[in-house]
Peer 1: 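Mind looking over this structure? Questions follow.
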Amino acid sequence: MTLSEIRAIPAIDIHSHFGEWERDAAREPGRELIAGGRAELREQMRLSNIALSVNSHFYGIFPRGGGDAVEGNRRCVAAVEREENLLMWAILNPLQPESFAQVEALLLHPKCIGIKLHPEEHRYPIADYGERIYEFAAKHRAVIDTHSGEALSMPEEFAVFANRYPEVTTIVSHLGCGYDGAFDHQIRAVQRSVHGNLYTDTSSGKSLFCNLLERAVREIGSERILFGTDAGCYFSPMQRARVDCAQIGDEEKKNILYRNALRLFPRLRERYERMCEKMRGE
């Protein structure tokens, strides 16, 4: 396929964000650069040829140690119910016990595809809270999408729980992210998965390194990598270009851009195909 033909394939962005939150620029320098508006998200989706975007609300994550998962989820539901091409992750924070009951109800919502974890922003070590979280996720056969690569959320620690709970699929996000400078934590975690229920996504600035995506495809296969942009934090077209122009095969690019998401979430196929048709007509 030509590069133009690859670029014409509508993608599924499995890792996106929108929404406003209470900013404290003095305490969190640089956060003012994060874009939370849905209008900005729509524009990034247009520029990146994204058909579906799966989001968690920034209010449920930021500021560090102060995000309100319950209110963030409420705001996210209200938004995605109004827009056909937006879906959501339900944020679970074990330090907010009421979030368990809320997430349990949200997992039945047609726009919710699973559970979002963010140990770093919520400030808890997954090693200490993972058992409770995975027991809950296993009960509901829920997919988990999690921030990973920093001290409280190392991918290898998620691999331990993924191996213990084969009924739970986990996406350890941010391929290449490692607070210790290592770029291969997510790769190693996927390699340690004994049930094939561990994936990663492209939603990291490190994914722009020249050989990282190519190495990941060689070592774990394109079937274990999903397309994610971390929209709101990063400029989505750069993430799309990284996959479109990667030194990998066309079928591998298709796996990353949309096929793997449809394999994990078959119920998205009808919505995806409908949005593809709509985009072709515009």
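Nothing here was measured: the structure is a model prediction, and the numbers come from that model.
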Peer 1: Could you tell me whether E98 atom CD has more than 12 heavy atoms of other residues or ligands within 6.0 Å of it?
Peer 2: yes
Peer 1: Determine whether the aromatic ring centres of F183 and F209 lie less than 6.0 Å apart.
Peer 2: no
Peer 1: Going by heavy atoms in the side chains, are I171 and L198 under 4.5 Å from each other?
Peer 2: no
Peer 1: Looking at side-chain heavy atoms only, is the closest gap between H57 and K116 below 4.5 Å?
Peer 2: no
Peer 1: Could you tell me if the side chain of P94 sits less than 4.5 Å from the side chain of F100, heavy atoms only?
Peer 2: yes
Peer 1: Say whether S207 and Q239, considering side chains only, have a donor N or O and an acceptor N or O under 3.5 Å apart.
Peer 2: yes
Peer 1: Please determine, by modelled atom types, if S148 and Q186 share a side-chain donor-acceptor pair under 3.5 angstrom.
Peer 2: yes
Peer 1: Could you note down all residue pairs passing side chain to side chain donor-acceptor pair (under 3.5 Å) where residues 2-13 supplies at least one of them, sequence neighbours left out?
Peer 2: T2-E5, D13-T229
Peer 1: Should the pair R123-E120 be classified as a salt bridge under the 4.0 Å nitrogen-to-oxygen rule?
Peer 2: yes
Peer 1: Quick one: are the ring centres of F18 and F58 less than 6.0 Å apart?
Peer 2: no
Peer 1: Can you list the steps and then say if E71 with R74 is a salt bridge (Lys or Arg N to Asp or Glu O under 4.0 Å)?
Peer 2: CA-CA 5 Å; E71 179 58 26; R74 290 192 190 108; 3.1 Å; yes
Peer 1: Below 4.0 angstrom, N of the basic side chain to O of the carboxylate: do K139 and E135 qualify?
Peer 2: no
Peer 1: So which atom in Q44 and which in P237 form the shortest heavy-atom distance, rounded to 0.1 Å?
Peer 2: OE1-CD, 3.9 Å
Peer 1: Would you say R82 and R38 make side-chain contact, with heavy atoms under 4.5 Å?
Peer 2: yes
Peer 1: Taking only residues two or more places apart in sequence, or in another chain, which ones meet H109 in a ring pair (Phe, Tyr, Trp, His ring centres under 6.0 Å)?
Peer 2: none
Peer 1: For H174 together with H147, are the ring centres under 6.0 Å from each other?
Peer 2: yes
Peer 1: Do L208 and L257 sit in one hydrophobic cluster, given that two such residues count as connected whenever their side-chain heavy atoms are within less than 4.5 Å of each other, even indirectly?
Peer 2: no
Peer 1: Could you identify which residues cluster with L3, counting Ile, Leu, Val, Met, Phe, Trp and Tyr as linked when any side-chain heavy atoms lie under 4.5 Å apart, either directly or through a chain of such contacts?
Peer 2: none
Peer 1: Taking only residues two or more places apart in sequence or in another chain, which ones pass ring pair (Phe, Tyr, Trp, His ring centres under 6.0 Å) with Y234?
Peer 2: none
Peer 1: Could you check whether N93 and S99, counting side-chain N and O atoms only, form a donor-acceptor pair closer than 3.5 Å?
Peer 2: no
Peer 1: Specify the closest pair of heavy atoms between F161 and I126, including all atoms of both residues, with the distance to one decimal.
Peer 2: CE1-O, 3.6 Å
Peer 1: Tell me, which pairs form a salt bridge (Lys or Arg N to Asp or Glu O under 4.0 Å) where one or both residues lie in residues 217-238, sequence neighbours left out?
Peer 2: R215-E219
Peer 1: Could you tell me whether E83 and R42 have a side-chain N and a carboxylate O separated by less than 4.0 Å?
Peer 2: yes
Peer 1: Check A90 against L106 and note the closest heavy-atom contact, atom names and distance.
Peer 2: CB-CD1, 3.9 Å
Peer 1: Between the side chains of H17 and N55, is a donor N or O closer than 3.5 angstrom to an acceptor N or O?
Peer 2: no
Peer 1: Can you tell if the side chain of S56 reaches within under 4.5 Å of the side chain of I61, non-hydrogen atoms only?
Peer 2: yes
Peer 1: For the hydrophobic clusters of this structure (ILVMFWY residues joined by side-chain heavy atoms under 4.5 Å, transitively), does one cluster hold both L152 and I144?
Peer 2: no
Peer 1: What residues, two or more places apart in sequence or in another chain, satisfy side-chain contact (heavy atoms from CB on, under 4.5 Å) together with N49?
Peer 2: P10, R240, M279
Peer 1: Strictly by modelled atom types, are S222 and E252 linked by a side-chain donor-acceptor pair under 3.5 Å?
Peer 2: no
Peer 1: In Å and rounded to the nearest 0.5 Å, what is the CG to CD1 distance from L262 to I12?
Peer 2: 4.0 Å
Peer 1: Check side-chain hydrogen bond (donor to acceptor under 3.5 Å, both in side chains) between Y134 and all other residues, then give those that pass, not counting sequence neighbours.
Peer 2: T170
Peer 1: Hey, mind stepping through T202 and R242 against side-chain contact (heavy atoms from CB on, under 4.5 Å) and telling me if it holds?
Peer 2: CA-CA 9 Å; T202 62; R242 182 64 183 90; over 6 Å; no
Peer 1: Kindly say whether G60 contributes a backbone atom to a donor-acceptor pair with the side chain of H122 at under 3.5 angstrom?
Peer 2: yes
Peer 1: Does the side chain of V54 come within less than 4.5 Å of S16's, by heavy atoms?
Peer 2: no
Peer 1: Do I91 and L87 belong together in a cluster built from hydrophobic side chains that touch within less than 4.5 Å?
Peer 2: no
Peer 1: Decide whether W89 and Y258 are clustered together by the hydrophobic rule: side chain heavy atoms of Ile, Leu, Val, Met, Phe, Trp, Tyr closer than 4.5 Å, transitively.
Peer 2: yes
Peer 1: Is there a path of hydrophobic side-chain contacts, each under 4.5 Å between heavy atoms, that joins L107 and V168?
Peer 2: yes
Peer 1: Is there any salt bridge (Lys or Arg N to Asp or Glu O under 4.0 Å) pair reaching into residues 181-192, and which pairs are they, with sequence neighbours excluded?
Peer 2: E156-R188, D184-R188
Peer 1: Sequence neighbours left out, what passes side-chain contact (heavy atoms from CB on, under 4.5 Å) with R259? Give chain and number order.
Peer 2: E251, K254, N255, R263
Peer 1: Would you please name every residue forming a side-chain contact (heavy atoms from CB on, under 4.5 Å) with V160, sequence neighbours left out?
Peer 2: R164
Peer 1: Tell me, do R269 and R274 make a side-chain contact under 4.5 Å, heavy atoms counted?
Peer 2: no
Peer 1: Mind checking what makes ring pair (Phe, Tyr, Trp, His ring centres under 6.0 Å) contact with H185, not counting sequence neighbours?
Peer 2: none
Peer 1: Any salt bridge between E43 and R46, counting N to O under 4.0 Å?
Peer 2: yes
Peer 1: Side chain of K206, backbone of L175: donor and acceptor closer than 3.5 Å?
Peer 2: no
Peer 1: Taking side chain as C-beta onward, heavy atoms only, is E131 less than 4.5 Å from Y165?
Peer 2: yes
Peer 1: When you look at V217 and I256, which way does the side-chain contact (heavy atoms from CB on, under 4.5 Å) test go after all the steps?
Peer 2: CA-CA 10 Å; V217 168; I256 295 169; 4.2 Å; yes
Peer 1: Applying side-chain hydrogen bond (donor to acceptor under 3.5 Å, both in side chains), can you list everything that pairs with Q102, at least two apart in sequence or on another chain?
Peer 2: N73
